[in-house]
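One structure below.
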Amino acid sequence: MERNNMEKTKYAQAVNEEIISTLCLKNRYSFLNNNLTAILSQKEFNFLREVQRFCLKFEKKNNVTHGPDEDFYEWVPAFGAEGYISRQHNFKMCDVDYGSDWGLAADFMRCLAIDMFDPQFNMGGGATVLAINPIYEHHDNVPGRIEALKDLVTGKAPGCILITEPERGSDAVHQLTTCKEQGDGSFILNGEKIFNTNAPKSKWAVCYATNEQNNPNTMAQFLINTSWEGWNCERVYIPWVPKLYLGKERLENLRVPKEYVLGGIGKGRDHLFEGLVPERIAICMMSMSECWSAVAHAAIYANLRKQFDQIILLFQGVGFLLTDLWAKTTNLTIGLLKFCEAYDEKVEKFGGKIPQNISQALVASASQFKYQTTKLSMKVCYEAANLCGGAGLCDNTLLHDLLNISRIQEIVGGSRQIQQYIMSMALRTLFKMSVS
Ligand SMILES: Cc1cc2nc3c(=O)[nH]c(=O)nc-3n(C[C@H](O)[C@H](O)[C@H](O)COP(=O)(O)OP(=O)(O)OC[C@H]3O[C@@H](n4cnc5c(N)ncnc54)[C@H](O)[C@@H]3O)c2cc1C
């Protein structure tokens, strides 16, 4: 039987040999696939299997244990070389062609496979995608921007996005970091940013700043090479994702040359909002992948673990709770997949870019999914670990990782209350549109 790499923990093996072997990645993938065959198109399923095969080989070849000492940033080039950092777009402009396996639905498949392989690694990749998207939208074929895009997409370097500041979190448009235009079209940036995923490991950062503090109409957007003078970065440590590097940056008279200005003064806010739908949907994909990973673990465990001389699945308290988690996970997956497919159809219909009025209408849907999927993953990961008893809490399986990472997604990309605030404003707009 395929052995589970998690057994190579430096601490004691708490879960019995049969169960730990059966919980291997191959079987967890198989559980997911048997659930999704009826739902996915053949194309989606084939791509899911392709990424899964790569992860299985990679885990085995590199003796990946998912233990605390591994630096998953070392894995980025190998995944990048296969085109598994992002499939949200085809990146022909930097000589990368994914055939027809790209778009939000393809990216959902990529995310499912990679998250089940290693959730923290997947979250790091997600932050690179946040840097990729604005450069993709605004590269304007400028060589320096294309070079950055290629580095990020092919895994040569991780990337990060700098929106949040120590004093400006949810209120992301009233920024304090300043940008002052120089005579030659370059800008000088000064200020502080915080909680920027991957920043200490990144070569490229996409950063927002403002010409006049607290004035959203004067926001601008920049691409920064972190080797430039004026970039100072310390690591922020988040104990629930101990292998992820987040940054706190002090930008000190950092000069951004003209060719790296992605959006000049006045364009920053629009650029920020334009990326919100795919960004939030990517967090939803992560959350649903965490749900599947947790349900796969618990379903396998509950079918093997015996107490009172009976497999625990057959105790109603276990079996019925697991079916509840499973049903909710399946249903929300179908909803999210439908959203992704509809989004991709619109991208195709409108020649690559969704018109602003439609994109605006999708903002509320993205918030609805972000609100519900992050909430669900927190519940599913907690309850699935709970159903595995001590085995779900010790370090022998990925359940402890899932438990921790699922508690973070509600804050990242706009908190629960901010999603509710967006939805309530959308309800106001719908009321005005609907009632004569
Ligand atoms: C693991 C992690 C990764 C992150 N990655 C990045 C990244 O890559 N790039 C980046 O720029 N940022 C990143 N962030 C920052 C994240 O986006 C912010 O933490 C988030 O937007 C909340 O901001 P804040 O922490 O300042 O909280 P605050 O905005 O201070 O919020 C505190 C509380 O007040 C509530 N609140 C605030 N305003 C309102 C309101 N109007 N109505 C109701 N409630 C409200 C919030 O919901 C929250 O519960 C990351 C954060 C974490 C934890």
Side-chain angles (χ1 to χ4, degrees), residues 72-73 85-86 119-135 152 158-177 189 191-210 214 216 219 221-224 226 233-251 268-269 271-273 275-276 278-280 282-283 286-287 290 366-367 370-371 374-375 377-378 401-426 428:
F72 61 62
Y73 286 98
I85 303 289
S86 170
Q120 288 190 65
F121 172 60
N122 192 40
M123 187 171 167
T128 294
V129 176
L130 298 186
I132 289 175
N133 286 346
I135 310 173
L152 295 168
C160 61
I161 187 140
L162 275 56
I163 302 172
T164 309
E165 301 181 348
E167 302 307 324
R168 295 292 185 276
S170 300
D171 187 6
V173 295
H174 292 99
Q175 304 217 332
L176 300 177
T177 300
L189 270 53
E192 280 194 327
K193 297 283 176 178
I194 198 164
F195 295 135
N196 314 107
T197 308
N198 292 345
K201 296 275 188 180
S202 293
K203 175 178 175 188
W204 297 102
V206 171
C207 178
Y208 294 87
T210 189
N214 290 314
M219 277 173 74
Q221 187 192 42
F222 305 95
L223 175 59
I224 294 174
T226 60
C233 181
E234 290 175 89
R235 182 180 179 187
V236 175
Y237 186 65
I238 306 270
W240 280 339
V241 274
K243 291 195 274 182
L244 206 61
Y245 278 66
L246 279 82
K248 179 178 182 189
E249 299 79 26
R250 194 164 35 81
L251 310 178
R269 186 170 57 174
H271 286 203
L272 179 73
F273 285 134
L276 281 182
E279 176 187 340
R280 292 196 173 130
I283 297 168
M286 229 186 295
S287 296
E290 288 158 13
S367 285
K370 162 95 191 355
Y371 172 68
T374 53
K375 218 175 196 216
S377 78
M378 209 167 41
D401 243 359
L402 292 163
L403 191 59
N404 291 330
I405 204 166
S406 64
R407 294 169 174 173
I408 284 175
Q409 315 296 1
E410 275 204 315
I411 285 292
V412 187
S415 71
R416 181 199 323 155
Q417 287 88 342
I418 294 303
Q419 305 310 323
Q420 288 176 315
Y421 176 58
I422 295 168
M423 287 189 280
S424 60
M425 285 194 297
R428 182 84 189 128

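Start at 1 and go down the list; that is how both ligands and their atoms are numbered. The model shown is predicted, which means the values in this text are computed figures rather than measured ones.
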> Is the closest side-chain donor-acceptor distance between Gln120 and Asp401 under 3.5 Å?
Replying inline: yes
Side chain of [X], backbone of [Y]: donor and acceptor closer than 3.5 Å?
X	Y	value
Gln419	Gly414	yes
Ser367	Met423	no
Lys370	Glu410	yes
Thr197	Gly124	no
Arg235	Tyr245	no
Glu165	Thr177	yes
Asp171	Gly169	no

>> I'd like to check the side chain to side chain donor-acceptor pair (under 3.5 Å) partners of Gln420; sequence neighbours left out, ordered by chain and number.
In response: Tyr371
Take [atom] and look for protein heavy atoms under 4.0 Å from it; say yes if you find one, no if not.
atom	value
atom 33 (C) of ligand 1	no
atom 11 (O) of ligand 1	yes
atom 46 (C) of ligand 1	yes
atom 4 (C) of ligand 1	yes
atom 38 (N) of ligand 1	yes

State whether the shortest distance between N or O atoms of [X] and N or O atoms of ligand 1 falls below 3.5 angstrom.
X	value
Arg168	no
Asn196	yes
Ile163	yes
Ile161	yes

Using heavy-atom distances only, which candidate in [options] approaches [atom] most closely?
atom	options	result
atom 2 (C) of ligand 1	Ile194, Leu244, Leu246	Leu246
atom 42 (N) of ligand 1	Gln417, Glu167, Lys193, Gln419	Gln417
atom 25 (O) of ligand 1	Trp240, Phe195, Tyr208	Phe195

>> Please list the nearest protein heavy atom to atom 40 (C) of ligand 1 with its residue and the distance rounded to 0.1 Å.
In response: Ile418 CD1, 3.9 Å
>> Give me the nearest non-hydrogen protein atom to atom 36 (N) of ligand 1 as residue plus atom name, then the distance to 0.1 Å.
In response: Ser170 OG, 4.3 Å
> Under 4.0 Å from any heavy atom of Ile408, which atoms of ligand 1 are there?
Replying inline: 1 (C)
>> At under 4.0 Å between heavy atoms, is it the side chain or the backbone of Thr164 that contacts ligand 1, or both, or neither?
In response: both
>> A quick test of your reading: do over 12 heavy atoms of other residues, nucleotides or ligands sit less than 6.0 Å from CD of Glu167?
In response: no
